[in-house]
Amino acid sequence: MKNKLVIFLIVSMNLGHAQIGDVIWEDNFDNLDNWMKITGNGSWGWGNGELEFYQEENVEIAEVPDEPGNNALHITAMEESGPGIVDQWGNPLNFTSGKVTTKAKIAIKYGVIETRVRVPNLDLGGWPAVWLLGTSNLNWPHCGELDMMEMGSSQAFRDLHDEHNGGNGSNNSTVNQIVGANAIFYADEALVPENPSGAASISWDPDDDYCRPYYNYDNLNDRFLTYRIYWDPDSIRFTVIDNEVEYDFYTDPLPIDSVSAEFQQPFYLIANLAIGGAFTDAEYLGGSGLPISMPFLAHMYVDYIKVMEWNGQGEVHIGPPTFQGGTFGLFTDTTPIDNGLVASDDAEIYVWEGTLSEGSIPPYEGENGISWQTTGLGWFGAGIMSMQPVNLFNFEEGHLKFMIKIPANISFQIGIIDAWGNQSYVDFPANQTKYGLVRDSNWGQASIPVSDIRGEFIDLRMLSYEFVILEVNGAGCEFALDDIYWDGGGVVSVIEGEFSNTPIKYSLNNNYPNPFNPLTTIGYDLPKDGFVNVTIYDVMGKPVKYLVNSRQNSGFKSIQWDATNNSGQPVSAGVYLYQIRAGEYMQTKKMVLLK
């Protein structure tokens, strides 16, 4: 939903033999099990200065008007202010709305993605969208973005293209009469002073060559339209279906090549109804525009989303990434590993803000090593980041091990970061032996228990930085790292050549997200069939909600808590305990509910 600048060529693609295949996944919105409700303001990081505050109570499952028995995702935008309804600087906002995402729940790669959407009267200021972001740990726009549909565009955009695709060429369309789609990715050619992010947007078409938003002067609001993305490894095609007629949003599909390779990775879904923002002609944070005139309450409905095979392509992954086990290598040559990352392939080694330069210390083992020299900026930071989230929850009782050669007078921290932005670190004080690391000016090994480094909030199922080193005291030095790996992640199936689908031990995993409001997921592992009880307690030990109380088969399980009690009433903010009892196994952990 970010509209930036680029000029590039779209070439014709041959679709003559492509066919739509079977439905491989579908959500008819009888519940929100596949979705996470988002809380927060529409800051610049979320979409060009939007004016709304997203809150969970603005999202629900509701019956579609005039379609008895047909449920849909229902997002309500309203004119509302109050405590906590603020922008990123703490200033009051006057609108609330809703936003949901399938991050860590549903990921899609290729196929035909189809959705049926009804938007309200946008008048001026409404910005509804159903879109996708890449699951990549890289920042936007490097992760890629696919906008299936978005409305509320500026008058200049509407006038530029209104000689095509239903437009009358009279420069008189309203925001209710035009809908578009977009693909955004990073390109060096787009990195110019007026576009410092390098975001390449195919909807930016100043010569009106190929962008073809759809116009209908009978209005597109308060009724359903169907939107599709036809996506395979070579191209992406956007369409809209209105009254059973399908219209293309661009003259030709977008070809996927080395520049747009973001679109050869999985994406997750998002739906929201924004208010204001630079995409519209309305006012926005950090700039000026026309007053918001969209009528409130405003209701957006998403009837369904489904994925079908497209020309033999289409993948849907349910849940977090596939778990890893055994020994997982981050940077090692000779240590035997079951799986791992390869720098410049599926991982990158980053230095933060130029705080380190290349050093000259030889590797500890093998031919490859990491050696750095501080640059005198008063601190240093670096880390190994996987391109896609890595699921290391099976290492909960394992260790993060690494070799390091660093002067004894340097205090530093080792940490990890998850895909939600949570960070956790352990300290290595100067001139001390910590986690087995002897500080004698030679190479030494540290072995950090994962239970120490994960902290309270890290989601081991969605890691982005699997190793971080940080120093904040400003001491200068040269140091080196090598042989970095996670150890103790269970057993690997020799017969199948992959990790066993049955846990080897009972485990209660950290809930995610944490803190949360109001929905969180609790994962637990059952090595054998049996009776299971999962209960939420308050800090006084009083039962709040019985989540599971039944016999279950072995496997990796999860259950969601929506911050309600056994009577279905919302509970107050604060610290809560969640406990599992299975056979003789019992474990209790805590979580924080924010309001």
Side-chain angles (χ1 to χ4, degrees), residues 135-138 320-352 356 358-359 361-372 380-406 412-419 421-426 428 434-437 443-455 458-471 479-490 492 498-499:
T135 60
S136 168
N137 288 320
L138 295 171
T322 302
F323 76 91
Q324 303 292 332
T327 302
F328 189 82
L330 304 183
F331 189 90
T332 182
D333 282 345
T334 62
T335 296
I337 58 174
D338 297 297
N339 203 351
L341 303 175
V342 178
S344 300
D345 184 3
D346 52 11
E348 291 291 346
I349 302 173
Y350 287 109
V351 169
W352 298 349
L356 296 169
E358 186 176 355
I361 300 174
Y364 168 76
E365 49 96 53
E367 298 181 354
N368 302 296
I370 304 173
S371 179
W372 282 312
F380 67 75
I384 300 174
M385 188 193 79
S386 57
M387 292 301 181
Q388 294 288 330
V390 172
N391 187 340
L392 297 180
F393 80 92
N394 208 36
F395 291 77
E396 187 174 27
E397 296 183 8
H399 292 77
L400 172 56
K401 299 180 178 181
F402 62 96
M403 299 296 298
I404 187 169
K405 186 176 183 180
I406 190 168
F412 64 94
Q413 295 177 314
I414 297 296
I416 54 177
I417 305 175
D418 68 21
N422 299 309
Q423 304 183 33
S424 183
Y425 295 87
V426 297
F428 284 79
K434 189 75 176 288
Y435 295 115
L437 177 62
W443 281 99
Q445 185 184 56
S447 180
I448 306 171
V450 174
S451 57
D452 285 2
I453 201 170
R454 72 177 302 178
I458 290 290
D459 180 5
L460 288 178
R461 301 173 187 234
M462 294 283 291
L463 289 181
S464 57
Y465 276 88
E466 291 78 15
F467 180 89
V468 172
I469 185 167
L470 180 66
E471 192 274 343
F479 68 99
L481 293 159
D482 207 346
D483 200 23
I484 308 170
Y485 61 97
W486 290 61
D487 191 26
V492 178
E498 58 185 26
F499 304 113

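For the numbers below, each heavy atom of this structure counts, side chains included, while hydrogens, waters and symmetry mates do not.
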Inset, instruction - Check the angle between the aromatic planes of F412 and F428 and answer parallel, tilted or perpendicular using the 30° and 60° thresholds. - result: parallel
Inset, instruction - Please work out which of the three classes, parallel, tilted or perpendicular, describes the rings of W443 and Y364, given edges at 30° and 60°. - result: tilted
Kindly compute the distance separating [atom1] ([X]) from [atom2] ([Y]), expressed to the nearest 0.5 Å.
X: T335; Y: M403; atom1: OG1; atom2: CE; value: 9.5 Å
X: D346; Y: M385; atom1: CG; atom2: CE; value: 11.0 Å
X: K405; Y: F479; atom1: NZ; atom2: CZ; value: 13.5 Å
X: L330; Y: I337; atom1: CG; atom2: CD1; value: 9.0 Å
X: T332; Y: L341; atom1: OG1; atom2: CG; value: 12.0 Å
X: E396; Y: S451; atom1: CD; atom2: OG; value: 8.5 Å

Looking only at heavy atoms, what is the nearest atom pair of [X] and [Y], with distance?
X: G381; Y: L470; value: CA-CD1, 4.1 Å
X: N368; Y: D482; value: O-OD2, 3.4 Å
X: I384; Y: A347; value: CG2-CB, 4.5 Å
X: Y485; Y: D487; value: CE1-CB, 3.8 Å
X: W352; Y: G383; value: NE1-N, 4.4 Å
X: H399; Y: V450; value: N-CG2, 3.7 Å

Taking the side chain as every heavy atom from C-beta outward, state whether [X] and [Y] have any atom pair closer than 4.5 Å.
X: M387; Y: L138; answer: yes
X: P389; Y: N137; answer: yes
X: V351; Y: F380; answer: no
X: L460; Y: F395; answer: no
X: I417; Y: Y425; answer: yes
X: I458; Y: L463; answer: yes
X: L392; Y: I416; answer: no
X: M462; Y: P321; answer: yes

Legend entry - Evaluation steps, side chain to side chain contact (heavy atoms under 4.5 Å, CB included), between F328 and D338: CA-CA 6 Å; F328 189 82; D338 297 297; over 6 Å; no
Give a yes or no on whether the backbone of [Y] and the side-chain of [X] come within a donor-acceptor separation of less than 3.5 Å.
X: D333; Y: E367; answer: yes
X: N391; Y: F393; answer: yes
X: D418; Y: D459; answer: yes

Inset, instruction - Check step by step if side chain to side chain contact (heavy atoms under 4.5 Å, CB included) holds for W486 and N394. - result: CA-CA 11 Å; W486 290 61; N394 208 36; over 6 Å; no
Legend entry - Derivation of the side chain to side chain contact (heavy atoms under 4.5 Å, CB included) call for I414 and F402: CA-CA 10 Å; I414 297 296; F402 62 96; 3.6 Å; yes
Legend entry - Stepwise side chain to side chain contact (heavy atoms under 4.5 Å, CB included) check, F331 with L481: CA-CA 9 Å; F331 189 90; L481 293 159; over 6 Å; no
Legend entry - Atom CD of E365: over 12 foreign heavy atoms under 6.0 Å: yes
